[in-house]
Amino acid sequence: SNNFLQCFHSKTNISISNSTSNVIFDRNGTSYASVLQSSAQNLRFVTPSTPKPILIIRPLHESHIQAAVVCAKESNINIRIRSGGHDYEGLSYVSNVPFIIVDLSNLRSITVDIENGTAWVESGGTLGELYHTIAEKSKVYAFPAGSCSTIGIGGHLGGGGLGTIFRKYGLAADNVIDAKIVDANGRIFDRKSMGEDLFWAIRGGGGASFGIIFAWKIKLVPVPSIVTVFSIEKTLEKGATELLQKWQLIADKLSQNLFLHAVMDGVDSGGENSNKTIAVSFAALFLGGSEELLTLMDESFPELGVERKDCTEMSWIQSVLYFAGFSTEGSYDVLLNRTNPNKSSFKAKSDFVKEPISEKGLEGLWKILLEEQSGYMIWTPYGGRMSEISENEIPFPHRSGNLYEIQYMVTWEAEGETDAHVDWIRRLHDYMTPFVSKNPRSAYLNYRDLDLGINRNENESYGDASVWGLKYFNSNFKRLAQIKAQVDPSNFFWYEQSIPLFVSQV
Ligand code: FDA
């Protein structure tokens with residue numbers, strides 16, 4: 001670390017001893033542990049035996065990012081880039097080789113320009129901060145991104161970003177119109193100077209393979225002043241299986257203004273011998289009033305039995321609170337809280353479904369789901385705008401032809417329980433093989449899963465990395481690897497699932 005510190009000092013005039021500005025944190029410092037843990041979301045990677053960074057750099061200015069890149073390269077130290085720390089496999093704050101973390105949490109300014117329907121957002125901002133800032137300026141503008149308010153802008157936009165209005169407006173990454181990046185040589189580029197290839201790659205290709213993106217210009221989208229939500233829970237005894245069968249046929253074909261996802265887990269059946277059953281919660285956001293929603297539901301999914309009393313009209317920002325699990329009555333200032341109060345250890349996986357799963361298939365699925373106390377699934381309907389955008393528009397390829405996406409999740413508290421829960425989710429994933437996409441069996445980058453495959457070292461070949469790369473990116477993987485070879489030929493921005501270099505044979 002001495003080489004790095006000397007170099008960093010020479011470029012920024014900041015050293016550990018004069019660092020009153022809290023830019024550098026080393027292992028001897030009193031705040032090191034709290035800064036390291038501050039945004040680390042998965043407690044599975046916050047244990048005494050987890051490898052720790054040599055230093056954490058929290059830039060206050062883009063020139064600090066430039067210095068960190070140049071000095072890490074000179075000192076041969078790996079960099080982990082962290083914005084909101086929500087990476088499912090902890091890749092933004094854990095590495096098995098000597099590393100530093102560049103933690104962007106101090107770079108989080110958000111400038112909303114309602115007149116032009118755009119905003120500049122720094123990567124260290126959270127989705128909650130972005131939604132809050134937009135709502136302060138206008139009740140009829142929004143941004144299509146994820147539901148959890150503590151997610152960081154940097155990782156989310158770089159990996160895709162989907163939420164309750166993506167059937168109308170696409171992914172967060174589909175709505176990026178400019179970006180600023182520090183490349184492997186410490187140079188700063190914007191869209192114009194980085195060129196369209198690199199600009200394409202960082203919108204869904206996982207930005208960390210290409211550089212440190214510190215700011216994004218995004219397109220805001222219009223929403224009505226009144227939206228409507230409902231959530232209806234049905235157990236197996238109340239016809240959940242039949243309802244899901246119908247849901248599979250219609251959820252992707254509903255109006256683009258209607259998002260209706262299904263969340264399912266095992267619950268107590270409430271009977272005398274307290275058997276367990278599956279509960280499926282159908283939760284909706286409709287961009288419009290309840291009258292129109294009821295008509296739509298009556299036409300397309302009368303079996304669910306949605307009634308006026310189930311519907312609540314609210315503003316879009318209240319719907320953000322609703323889907324983030326906050327009270328819709330209180331102030332939306334809770335979105336400014338950067339720490340998720342419900343941290344746990346977890347493991348997740350994803351799948352894409354192209355054909356409805358049969359009743360028999362669902363029944364087998366319920367058996368496995370009932371074996372795990374804290375496992376659940378979220379089924380997110382595709383279609384709408386997602387089917388209109390071409391597979392190659394940005395690196396995220398999962399568009400037309402997908403009915404819905406599944407996220408499998410299991411959480412736990414005690415470190416000793418890890419193996420049992422991870423075994424369970426792997427079994428569940430195995431069971432689903434016949435029912436989900438094939439050749440490749442697709443996965444969503446932002447639900448990162450190292451079981452799909454990893455780069456063993458920085459020399460991993462394009463061919464070997466294709467094992468996992470095609471799952472995330474399908475035919476876009478090759479273009480990503482060609483761009484990587486151009487912009488980072490020394491593979492400085494290497495990590496377990498970074499894009500490998502594709503060098504064509506002459
Ligand atoms: P983090 O900082 O951990 O970064 C994730 C990855 O991006 C790492 O590889 C990191 O190095 C890289 N990176 C981060 N900042 C970068 C930058 N500035 N430049 C280059 N590379 C950078 N997703 C979704 O689409 N919809 C949803 O509703 C949800 N909900 C959700 C809830 C919860 C509780 C969690 C933990 C996660 C989600 N996600 C999600 C997944 C989320 O979108 C995904 O984990 C994002 O990558 C998180 O971005 P962060 O910046 O927080 O992560």
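Just so it is clear, the values below take in all heavy atoms, side chains as well, and ignore hydrogens, waters and symmetry mates. Note that the structure is a prediction, hence the values are computed from the model and not measured. For ligands, and for the atoms within them, numbers begin at 1 and follow the listed sequence.
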Looking only at non-hydrogen atoms, which of Ile151, Ile65, Ile81, Thr126 approaches atom 16 (C) of ligand 1 most closely? Ile81

For atom 7 (O) of ligand 1, tell me which residue out of Gly163, Cys148, Gly155 has the closest non-hydrogen atom.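 Looking at heavy atoms only, the winner is Gly155.
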
If you count the non-hydrogen atoms of other residues, nucleotides and ligands that lie under 6.0 Å from CD in Gln373, is the total more than 12? no

I'd like to know whether CG of Asp113 has more than 12 heavy-atom contacts from other residues, nucleotides or ligands below 6.0 angstrom. yes

Go through ligand 1 atom by atom and flag the ones less than 4.0 Å from a non-hydrogen atom of [X].
{"X": "Ser123", "result": "18 (N)"}
{"X": "Tyr444", "result": "24 (C), 25 (O)"}
{"X": "Arg82", "result": "2 (O)"}
{"X": "Asp87", "result": "1 (P), 3 (O), 5 (C), 6 (C), 8 (C), 9 (O), 45 (O), 53 (O)"}
{"X": "Gly207", "result": "20 (C), 21 (N)"}
{"X": "Gly146", "result": "26 (N), 27 (C), 28 (O)"}
{"X": "Ala208", "result": "11 (O), 12 (C), 20 (C), 21 (N)"}
{"X": "Leu104", "result": "18 (N)"}

By the definition side chain to side chain donor-acceptor pair (under 3.5 Å), identify the one residue from Gln497, Arg448, Gln41 that meets it with Asp87.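 For Asp87, the side chain to side chain donor-acceptor pair (under 3.5 Å) check succeeds only for Arg448.
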
Does [X] come within less than 4.0 Å of ligand 1, judged by its heavy atoms?
{"X": "Gln497", "answer": "no"}
{"X": "Gly158", "answer": "no"}
{"X": "Gly211", "answer": "yes"}
{"X": "Ser147", "answer": "yes"}
{"X": "Gly161", "answer": "yes"}
{"X": "Phe214", "answer": "no"}

Please state whether the rings of [X] and [Y] are parallel, tilted or perpendicular, taking 30° and 60° as the class boundaries.
{"X": "Phe166", "Y": "Tyr382", "value": "perpendicular"}
{"X": "Trp379", "Y": "Tyr404", "value": "parallel"}
{"X": "Tyr472", "Y": "Trp468", "value": "perpendicular"}
{"X": "His429", "Y": "Tyr408", "value": "perpendicular"}

Side chain, backbone, both or neither: [X] near ligand 1, heavy atoms under 4.0 Å:
{"X": "Gln41", "result": "side chain"}
{"X": "Arg80", "result": "neither"}
{"X": "Tyr447", "result": "side chain"}

Output field: ring centroids Phe143/Tyr169 closer than 6.0 Å: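 Between Tyr169 and Phe143, which both carry aromatic rings, the centre distance is not below 6.0 Å.
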
Indicate yes or no: does Glu372 engage Arg426 in a salt bridge with an N to O separation below 4.0 Å.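 Salt bridge flag = no for Arg426 with Glu372.
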
